[in-house]
Amino acid sequence: TVLMAAPLYAGVLARAEAIVQSKRGPSILQPYRDLAKLLRKGSAISEHASWVFRGAPFVAFACYLTVSAIVPIITNEPLPLAFLADLIGGAFVLALASFAISLAALDTASPLGGLGSSRTTWIGSLAEPALILVFFTVGVLSRSDNPYLENHAIAHSGAAYVLPTHVLGAVAFFMLVLAENGRIPVDNPAGTI
């Protein structure tokens, strides 16, 4: 579900952004067409790149799939692999994905790769402590660090949604989503220098 819905989410987000800017914008199905085009293309690998560069995308993809198999996103029922990790473990798996991608960018021996890696690491160093604080906030409300138990406790408690702890945690999480997706005005990864 996550693999199939992620491009649709990106398409809806791009379409909404275009509507806010009073533009027509791309179709919400455009990310699916882009993925199909990218999967047909060949690879362009620097002659200075090692096995680290070739393996990093597979490591990052496996990390993202692992987190989506552990953390209940769509359902309120426990996932088959939910017992393997708590939210802190999930954060470490996501940090491993970021580390692999940054290492791959440095492995190309290109100054632009180092610049992009440095920028991503800088934004991550600001965002990840806040993300851990959001995890602890949800953990305090649910009295657990297991994603299924947290989801179950919050979903079955209407009062939890209006607690100041939950509201401030939700605002912090929203700001993290903006920062991690490059939607803040001072950091636009789509722009050019």
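The figures that follow rest on heavy atoms only: side chains count, while hydrogens, waters and symmetry mates do not.
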Please assess Arg15 against Arg24 for the test side-chain contact (heavy atoms from CB on, under 4.5 Å), listing each intermediate value before the final yes or no.
CA-CA 8 Å; Arg15 179 74 173 175; Arg24 183 165 179 251; 4.2 Å; yes
Dump the intermediate steps for side-chain contact (heavy atoms from CB on, under 4.5 Å) on Leu3 and Leu65, then the final yes or no.
CA-CA 8 Å; Leu3 283 176; Leu65 278 182; 3.9 Å; yes
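One finds the CG atom of Leu13 at 5.5 Å from the OH atom of Tyr9 (value rounded to the nearest 0.5 Å). Rounding to the nearest 0.5 angstrom, the gap separating the CG atom in Leu29 from the CG atom in Leu8 is 7.0 Å. Expressed to the nearest 0.5 Å, how far CZ of Phe61 lies from OG1 of Thr66 amounts to 10.0 Å. Distance CG/Leu106 to CG/Leu115: 10.5 Å, rounded to 0.5 Å. Between the CG atom in Leu103 and the OG1 atom in Thr108 there is a gap of 10.5 Å [rounded to 0.5 Å].
In this structure, the side-chain hydrogen bond (donor to acceptor under 3.5 Å, both in side chains) partners of Arg33, at least two apart in sequence or on a different chain, are Gln30. With sequence neighbours excluded, the residues forming a side-chain hydrogen bond (donor to acceptor under 3.5 Å, both in side chains) with Ser50 are Asp107, listed by chain and number.
Ala104 and Ala56 get closest at one heavy-atom pair: CB-CB, 3.4 Å. Between Ala97 and Cys63, the shortest heavy-atom distance links the atoms CB-CB, 3.7 Å.
Leu96 and Val93 fall into different hydrophobic clusters, where Ile, Leu, Val, Met, Phe, Trp and Tyr side chains are chained together by heavy-atom contacts under 4.5 Å.
Judged purely by atom type and a 3.5 angstrom limit, Ser102 uses its side chain to pair as donor or acceptor with the backbone of Ser98. In terms of modelled atom types and a separation under 3.5 Å, the side chain of Tyr32 and the main chain of Met4 share a donor-acceptor contact.
Surrounding CZ of Phe99 are at most 12 heavy atoms belonging to other residues, nucleotides or ligands under 6.0 Å away.
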